[in-house]
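The structure appears right after this line, and notes come after that.
These numbers were taken from a predicted model, which means no experiment stands behind them. Sequential numbering from 1 along the given sequence is applied to the chain's residues.
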Amino acid sequence: QVQLVESGGGLVQPGGSLRLSCAASGSDFSAYVMNWYRQAPGKQRELVAIITTGHNTYYVDSAKGRFTISRDNAKNTMSLQMNDLKFEDTAVYYCNAQGTGSLKDLNYWGQGTQVTVSS
């Protein structure tokens with residue numbers, strides 16, 4: 001079993017920055033692909049960023065150049081550094097872990113953390 005706990009959300013002005021963190025408890029953290037999703041009011045949940053077990057990264061087009069995903073396997077943590085935030089970044093952000101290999105059937109979600117970009 002893996003438990004995911006998110007932190008770092010809050011209120012920020014346009015152009016500002018926030019750093020979201022996801023702390024995982026359990027075993028085999030390095031065998032999970034880690035993802036950040038977000039869901040804005042009235043919209044579908046959107047995949048924002050991915051970091052693979054090999055530390056390859058992916059970003060949705062709207063986040064490229066502004067967001068950076070990272071992971072620290074020794075600390076069982078994952079982060080999303082968000083810079084130059086825009087009104088349209090306002091959403092609940094969710095940490096997600098997808099198992100690989102022998103853990104491929106395992107998938108876990110954090111509780112979500114609110115990010116509000118407002119002037």
Side-chain angles (χ1 to χ4, degrees):
Q1 288 293 112
V2 171
Q3 293 79 46
L4 305 174
V5 179
E6 300 171 342
S7 61
L11 177 65
V12 66
Q13 293 183 340
S17 298
L18 281 175
R19 186 175 181 88
L20 306 183
S21 295
C22 174
S25 62
S27 60
D28 298 311
F29 178 76
S30 63
Y32 289 83
V33 174
M34 300 299 297
N35 311 290
W36 285 101
Y37 286 79
R38 68 186 178 190
Q39 188 165 25
K43 292 189 175 182
Q44 298 290 320
R45 186 168 296 187
E46 175 187 36
L47 179 60
V48 178
I50 301 169
I51 185 162
T52 70
T53 58
H55 292 257
N56 297 119
T57 59
Y58 162 85
Y59 303 93
V60 68
D61 283 347
S62 62
K64 289 179 179 176
R66 301 188 299 122
F67 291 8
T68 303
I69 189 171
S70 61
R71 67 191 295 164
D72 187 338
N73 290 340
K75 296 181 178 180
N76 281 18
T77 59
M78 178 185 64
S79 296
L80 184 69
Q81 177 67 46
M82 304 186 294
N83 298 325
D84 191 26
L85 284 161
K86 306 178 183 300
F87 293 121
E88 51 264 41
D89 295 318
T90 296
V92 178
Y93 284 72
Y94 296 91
C95 174
N96 170 257
Q98 172 63 54
T100 64
S102 63
L103 308 178
K104 63 182 175 61
D105 295 328
L106 301 180
N107 186 268
Y108 302 95
W109 292 88
Q111 79 286 353
T113 185
Q114 177 71 50
V115 172
T116 302
V117 183
S118 177
S119 60

Let me confirm one number: the OH-CE distance from Tyr32 to Met78, rounded to the nearest 0.5 Å. 13.5 Å
Can you tell me if Tyr59 uses its side chain to pair, donor with acceptor, with the backbone of Ile69 under 3.5 Å? yes
Do the side chains of Leu106 and Met34 join up, straight or via other hydrophobic residues, at under 4.5 Å, putting them in one cluster? yes
In Å, rounded to the nearest 0.5 Å, how long is the span from NE2 of His55 to CG of Asn73? 4.5 Å
Can you tell me how far apart OG (Ser27) and CG (Leu103) are? Round to the nearest 0.5 Å. 7.5 Å
Rounded at 0.5 Å granularity, tell me how far CG in Asp84 sits from CZ in Phe67. 9.0 Å
Which pair of heavy atoms, one from Ala63 and one from Val48, lies closest together, and at what distance? CB-CG1, 4.3 Å
Are Trp36 and Tyr58 grouped together when hydrophobic residues (ILVMFWY) are joined by side-chain heavy atoms under 4.5 angstrom apart? no
Looking at CG of Leu80 and OH of Tyr93, how far apart are the two atoms once the value is rounded to the nearest 0.5 Å? 7.5 Å
Provide the full list of salt bridge (charged side-chain N to carboxylate O under 4.0 Å, His left out) pairs with a residue in residues 26-45, sequence neighbours left out, each pair given once. Arg38-Glu46, Arg38-Asp89
Checking Arg71 against Phe29: charged group under 6.0 Å from the ring centre and within 45 degrees of the axis? yes
Please determine whether side-chain hydrogen bond (donor to acceptor under 3.5 Å, both in side chains) holds for the pair Asn96 and Gln98, giving the CA-CA distance in whole Å, both sets of side-chain angles, and the decisive distance to 0.1 Å. CA-CA 7 Å; Asn96 170 257; Gln98 172 63 54; 5.9 Å; no
Is Gln114 close to Leu11 at the side-chain level, that is, under 4.5 Å between some pair of heavy atoms? no
Locate the shortest heavy-atom distance separating Ser118 from Phe87; write the atom from each residue and the value. CA-CE2, 4.0 Å
Find out whether Val60 and Leu47 are in side-chain contact, i.e. whether some heavy atom of one side chain is under 4.5 Å from a heavy atom of the other. no
Under 4.5 Å between any side-chain heavy atoms of Ser70 and Gln81, yes or no? no
Mind telling me whether Tyr94 and Trp109 have parallel, tilted or perpendicular rings, with 30° and 60° as the class edges? perpendicular
Nearest heavy-atom approach of Leu20 to Gly9 is CD2-N, 3.6 Å
With sequence neighbours excluded, residues passing side chain to side chain contact (heavy atoms under 4.5 Å, CB included) with Gln3: Gln1, Ser25
Taking every non-hydrogen atom, the tightest pair across Leu4 and Ala97: CD1-N, 3.9 Å
Reported CG-to-OG1 distance for the pair Asp72 and Thr77, which is rounded to 0.5 angstrom: 4.5 Å
Are Val115 and Val92 connected, step by step, through hydrophobic side chains (Ile, Leu, Val, Met, Phe, Trp, Tyr) whose heavy atoms are closer than 4.5 Å? no
Are any non-hydrogen side-chain atoms of Thr113 and Ser7 less than 4.5 angstrom apart? no
Heavy-atom nearest pair, Thr100 first then Ala31, reads OG1-O, 2.6 Å
Is the number of heavy atoms from other residues, nucleotides or ligands under 6.0 Å of Gln13 CD greater than 12? no
Contact summary for Ser21 and Ser79, nearest pair of heavy atoms: OG-OG, 3.8 Å
So do the side chains of Leu85 and Leu18 get within less than 4.5 Å of each other, counting heavy atoms only? yes
Under 3.5 Å: donor-acceptor pair, side chain of Thr90, backbone of Val117: yes
